[in-house]
A.B. asks: 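Here's a structure for you.
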Amino acid sequence: MDFKLLKTDTQTSARAGVITTDHGQIETPIFMPVGTVGSVKGVSHRELENDINAQIILGNTYHLYLRPGLDVLKQAGGLHKFSSWERPILTDSGGYQVFSLADMRKLTAQGASFRSHIDGSPHLFTPENVMDIQRTIGADIVMAFDECPPGDADYEYARKSLDLTEKWLERCVQRFDTTEPLYGHSQTLFPIVQGCVYPDLRKRAAENVQKYNRDGYAIGGLSVGEPAEVMYQMVEVVNSILPKNKPRYLMGVGTPENILESIALGIDMFDCVMPTRNGRNGMLFTSEGIINIRNKKWQTDFSPIDPFGPTFVDSRYSKAYLRHLFIAGEMLGPQIASIHNLGFYLWLVKEARKHIVEGDFLPWKNAMVKKVSKRL
RNA sequence: GGGGAGAUACCAAAGUGGCCAACUGGGGCAGACUGUAAAUCUGCUGGCUUAUGCCUUCGUAGGUUCGAAUCCUGCUCUCCCCA
């Protein structure tokens, strides 16, 4: 993997760049749609490629390991071939499931033992086998196995958790660097900076990950319950330490506002379930603000969903029709909303990139933040 | 013509003397959702701007009772069976 920094903003820390992988290029800053089990829920590949212009999507190690399982993935020739997705893929390590499935796992120095949320069967994730699983999945970018502690973790817990994440990182790198990709394209490993909401821990973590000299670095453990302001402070602390010539990936973030502010702080990559999950639940993100399409106020609003939006659904379908689909429980509703939201997210980061390159990012960003966070 | 059953809030449907402004489901209205156990979950749904408070409600008109959606009587309407 290669990263070229094309432009750094003069008024903010925003950057525009290009990542090159064996499956193609990614223009940063970028938003990566989440496709946990090898599918961006409710959205077809054709729509992802042609309408949304997704340049890279996510998969999840834990979920793909349980279903369809490693045998199937291996026989298929990896996730790219299995799912017929020829652009880049990034897989999360299952570290987030250490957090979200906390009541079904146990942490030890060795790793994390899970009970499957599907059938209750026991499984052990270690830094080593998580690297092996991600080799089998075959993502272009694979993530280190970490612990993602909750946003309200106290200092003692946060410190111990970071100790664990750092030990696991050492083992992840060791394993990754002594194994080979299985399908003829190269893979790269991103470490994850943890440390909760404690600046000194974040600082220590950001310094620690650099000794492995990887192609990119991620910031994890944010947007897990802490206030947005605290998240921005942590991003600032970490980004002041991470090398400038490597992409920085803020995991799991976020709202359009979060993304714009984090781009200004020097983040290059984002992923979040919000455009798809909230979309399925009737929430539309637009350049004019946030819409709950189920609300009665849209019942007879026959104007397009988003007249200047980038995807075909934006101009083709009206708000009233989309509301009707949601109220009637038609699955087309969530599909349209997901396509719209992803199209908007990709449009937003593309615009941000354009303004970084053109040199007027800051005023554009400030005006945009105001608009996108408004409730309509 | 004869016999039987029933009328409860937007709909369906519990409740058959006080714990009933009334279970539950649907519908409606609103909210939540940030490296996806989510096409999920939560709240409200007679009125009074808030209520452990007040007022009006269980077809309708009366009655019994300290107290009635619940018991009694008349009326209206609906459904089923037999002719």
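Chain naming here is simple, since letters A, B, ... match the order of the sequence lines and numbering starts at 1 in each.
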A.B. asks: Tell me, which stems hold RNA chain B, with a stem being 3 or more Watson-Crick or G-U pairs in a row and both distances under 3.5 Å?
C.D. replies: B:1-7 with B:76-82, B:10-12 with B:24-26, B:27-32 with B:40-45, B:46-48 with B:53-55, B:59-63 with B:71-75
A.B. asks: For the residue pair Asn213(A) / Lys246(A), report whether a side-chain donor-acceptor contact shorter than 3.5 Å exists.
C.D. replies: yes
A.B. asks: State which residues pass salt bridge (charged side-chain N to carboxylate O under 4.0 Å, His left out) with Asp2(A); sequence neighbours excluded, sorted by chain then number.
C.D. replies: Lys4(A)
A.B. asks: Can you tell me how far C1' in G28(B) sits from the matching atom in U78(B), rounded to whole Å?
C.D. replies: 27 Å
A.B. asks: Can Ile259(A) be reached from Leu362(A) by stepping across I, L, V, M, F, W or Y side chains whose heavy atoms are under 4.5 Å apart?
C.D. replies: no
A.B. asks: Suppose you measure atom P in U56(B) against the same atom in A21(B); what distance do you get, rounded to whole Å?
C.D. replies: 13 Å
A.B. asks: Should the pair Lys160(A)-Asp154(A) be classified as a salt bridge under the 4.0 Å nitrogen-to-oxygen rule?
C.D. replies: no
A.B. asks: For each nucleotide in nucleotides 29-36 of chain B, reading 5' to 3', give B when a protein heavy atom comes within less than 4.0 Å of its base, S when such contact involves only the sugar-phosphate, and - otherwise.
C.D. replies: SSBBBBBB
A.B. asks: Measuring only the P atom in each nucleotide, how far is C10(B) from G6(B)? A whole number of Å is fine.
C.D. replies: 24 Å
A.B. asks: If I pick the P atom on C48(B) and the same atom on G4(B), what distance separates them, to the nearest angstrom?
C.D. replies: 46 Å
A.B. asks: Taking A69(B) as the reference, what is the distance to C55(B) when you measure between their P atoms (whole Å, please)?
C.D. replies: 14 Å
A.B. asks: Starting at NE2 of His324(A) and ending at P of G28(B), how long is that distance when rounded to a whole Å?
C.D. replies: 12 Å
A.B. asks: Show me the pairs that pass side-chain hydrogen bond (donor to acceptor under 3.5 Å, both in side chains) and involve residues 323-344 of chain A, at least two apart or across chains.
C.D. replies: Asp314(A)-His340(A)
A.B. asks: Using the P atom on both, measure C23(B) against A14(B) and round to a whole Å.
C.D. replies: 14 Å
A.B. asks: Taking only the P atom of each, what is the distance from G15(B) to G59(B) in whole angstrom?
C.D. replies: 15 Å
A.B. asks: In whole angstroms, how far is the C1' atom of A39(B) from the CG atom of Leu325(A)?
C.D. replies: 13 Å
A.B. asks: Glu351(A): what forms a salt bridge (charged side-chain N to carboxylate O under 4.0 Å, His left out) with it, not counting sequence neighbours?
C.D. replies: Lys354(A)
A.B. asks: Using the P atom as the reference point in each nucleotide, state the distance between U16(B) and C72(B) in Å, no decimals.
C.D. replies: 15 Å
A.B. asks: In chain order, what residues pass the ring-ring contact (aromatic ring centres under 6.0 Å, His included) check against Tyr62(A), with sequence neighbours excluded?
C.D. replies: Phe114(A), His117(A)
A.B. asks: Once you round it to whole Å, what is the distance between C1' of A39(B) and CG of Leu284(A)?
C.D. replies: 14 Å
A.B. asks: Would you kindly say whether Thr179(A) and Arg135(A) are connected by a side-chain donor-acceptor distance under 3.5 Å?
C.D. replies: yes
A.B. asks: Test Met32(A) against every option in Ile57(A), Asp271(A), Leu346(A) by the side-chain contact (heavy atoms from CB on, under 4.5 Å) rule and name the one that passes.
C.D. replies: Asp271(A)
